[in-house]
Amino acid sequence: MSRSCEALKIISVTNGGTEGSWGLLEICPEGSRAIGYQTQNDLLDVILYDKTAMNSIRLFCNDTEGTSITSTLGHTGTWELRQNCPPGEALSSFRLRVEPYDPELSDNTSVNSIQFNCTDGTLLNFNGNAAGIWGDFSADQCDVTGICGLETRVMPLGTLSDNTALNNVGFICC
C-alpha cells in the first residue's frame, strides 16, 4: 500500500502491526539513497523470555559521510551483519514478515523478518532471527529511484507484559 506525505512517496505493507507509536521520519541526506540495511533481532531463549523478534532497522545511505538512519529503535536485541546492494545500486523494494496480533497468544512477536531488493533486482535477505518463521509476507516497492528514508512503529518497553517492539515500517521513495 502506498501513501503520499508532503510530496514524499511512502511505501508500506498491508499486514503491519498496529501496536505502539510511529517514530520520526528519517531521511538520507539530500541526493543520497539507502544502499544497505541492518536489523536488531531479539535472540533470547523464547521459552524463558518475552520474545520480540525483529526490534529495529537501520538503513545506510550512499552520501560522502556514510550516514545511517533508524527512526525509533526497539529496546533489545543484537545488531546483525550489514547487508549491502552491489556498488551503484540502492534498496528499491521490501517484503515484511509479520505475525498478526492474536489475543489468545501469551507472546506475540509482530515483525519477524525483512527482505529487500536492490534496483538491479539483487535480493538481500538475512535469516538470523530464529523467531522469524512466524507470520506472512507482504510487499511494496518504489517505482525506479530507490528508498531514501524510513519510519517505524514501535511498542515502547513496559507497555504490556507481551511486548512486540517493532510492529510496522514505512519506507520513503527518493
Side-chain angles (χ1 to χ4, degrees), residues 1-41 52-98 110-129 137-157 164-174:
M1 171 166 91
S2 300
R3 63 186 191 272
S4 293
C5 175
E6 296 180 29
L8 295 175
K9 180 179 179 187
I10 301 174
I11 58 173
S12 58
V13 293
T14 57
N15 65 337
T18 58
E19 301 296 318
S21 300
W22 284 101
L24 295 176
L25 185 68
E26 293 287 331
I27 301 175
C28 290
E30 189 170 340
S32 65
R33 302 179 296 168
I35 58 170
Y37 80 101
Q38 187 178 33
T39 62
Q40 180 188 34
N41 300 306
T52 55
M54 184 185 297
N55 288 328
S56 305
I57 301 170
R58 177 181 290 146
L59 298 181
F60 296 94
C61 307
N62 67 343
D63 62 313
T64 56
E65 288 79 33
T67 302
S68 64
I69 56 176
T70 57
S71 190
T72 301
L73 296 174
H75 50 81
T76 188
T78 301
W79 284 100
E80 302 300 333
L81 295 175
R82 176 178 169 169
Q83 303 291 307
N84 294 307
C85 289
E89 305 299 331
L91 302 176
S92 62
S93 66
F94 77 106
R95 291 176 12 123
L96 194 68
R97 183 187 294 258
V98 180
S110 200
V111 174
N112 278 273
S113 62
I114 192 166
Q115 298 173 341
F116 285 95
N117 279 95
C118 301
T119 49
D120 69 345
T122 299
L123 174 66
L124 301 180
N125 182 25
F126 182 71
N127 292 318
N129 188 357
F137 276 110
S138 181
D140 202 356
Q141 67 183 32
C142 294
D143 297 330
V144 177
T145 56
I147 292 171
C148 60
L150 81 159
E151 62 179 343
T152 55
R153 184 178 206 149
V154 174
M155 177 185 282
L157 181 62
T164 54
L166 183 62
N167 273 255
N168 203 347
V169 62
F171 293 100
I172 292 82
C173 296
C174 306

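Since the structure is predicted, the reported quantities are computational estimates derived from the model, not experimental observations.
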**Q** Have Q40 and S56 got a donor and an acceptor in their side chains that come within less than 3.5 Å?
**A**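 A pair is found: one side chain offers a donor N or O, the other an acceptor, under 3.5 Å apart.
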**Q** Are any non-hydrogen side-chain atoms of I10 and E151 less than 4.5 angstrom apart?
**A**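 Yes; the side chains approach each other to less than 4.5 Å.
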**Q** Please report the shortest heavy-atom distance between G23 and T72, naming the atom on each side.
**A** CA-OG1, 2.9 Å
**Q** Locate the shortest heavy-atom distance separating T18 from N167; write the atom from each residue and the value.
**A** N-OD1, 4.0 Å
**Q** Can you name the one residue among P87, P29, S32 that meets side chain to side chain contact (heavy atoms under 4.5 Å, CB included) with N62?
**A** S32
**Q** Could I get the full list of side chain to side chain contact (heavy atoms under 4.5 Å, CB included) partners for L24, not counting sequence neighbours?
**A** E26
**Q** What distance separates S113 OG from N125 CG, expressed to the nearest 0.5 Å?
**A** 7.0 Å
**Q** My understanding is that only residues two or more places apart in sequence, or in another chain, count here; which of them pass disulfide bond (SG atoms under 2.5 Å apart) with C174?
**A** none
**Q** Quick check: does any side chain N or O of N168 sit under 3.5 Å from a backbone N or O of L166, one acting as donor and the other as acceptor?
**A**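 Not at all, since once roles are kept as given, no pair shorter than 3.5 Å links the two residues.
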**Q** Which residues pass the disulfide bond (SG atoms under 2.5 Å apart) test with C61, not counting sequence neighbours?
**A** C28
**Q** Would you name the heavy atoms of W22 and R153 that are closest together and state the gap between them?
**A**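 Closest approach of W22 to R153, heavy atoms only: NE1-NH1, 3.4 Å.
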**Q** F94: which residues meet the ring-ring contact (aromatic ring centres under 6.0 Å, His included) condition with it, sequence neighbours left out?
**A** F171
**Q** Could you tell me whether a side-chain N or O of R33 sits under 3.5 Å from a main-chain N or O of T145, the two making a donor and an acceptor?
**A** yes
**Q** Excluding sequence neighbours, so at least two apart, what forms side chain to side chain donor-acceptor pair (under 3.5 Å) with T67?
**A** D63
**Q** Which value, rounded to the nearest 0.5 Å, describes the distance between L59 atom CG and Q38 atom CD?
**A**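 Rounded to the nearest 0.5 Å, the CG-CD separation comes to 10.5 Å.
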**Q** Mind checking whether Y37 and I147 have side chains closer than 4.5 Å, heavy atoms only?
**A**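 Y37 vs I147: side chains apart.
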**Q** Spell out, as yes or no, whether a donor-acceptor pair under 3.5 Å connects the side chain of T119 to the backbone of A90.
**A**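 Yes.
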**Q** Short question: side chain of Q83, backbone of L124 - any donor-acceptor pair under 3.5 Å?
**A** no
**Q** Would you give the length of the straight line joining atom CD1 of I11 to atom OG of S92, rounded to the nearest 0.5 angstrom?
**A**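 Nearest 0.5 Å value for the CD1-OG distance: 8.0 Å.
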**Q** At what distance, to the nearest 0.5 angstrom, does CD1 of I114 lie from CD1 of I57?
**A** 4.0 Å
**Q** If you take all heavy atoms of L150 and I172, which pair is closest and at what distance?
**A**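 It is N-CD1, 3.4 Å.
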**Q** What residues form a side chain to side chain donor-acceptor pair (under 3.5 Å) with S71, not counting sequence neighbours?
**A**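 Listed in chain order: T152.
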**Q** Can you list the steps and then say if T39 with E80 is a side-chain hydrogen bond (donor to acceptor under 3.5 Å, both in side chains)?
**A** CA-CA 6 Å; T39 62; E80 302 300 333; over 6 Å; no
**Q** To the nearest 0.5 Å, what is the distance between CD1 on I35 and CZ on R82?
**A** 5.5 Å
**Q** To check you understand the geometry: which heavy-atom pair defines the closest contact between G36 and N84, and what is its length?
**A**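 For G36 versus N84, the nearest heavy atoms are CA-OD1, 3.7 Å.
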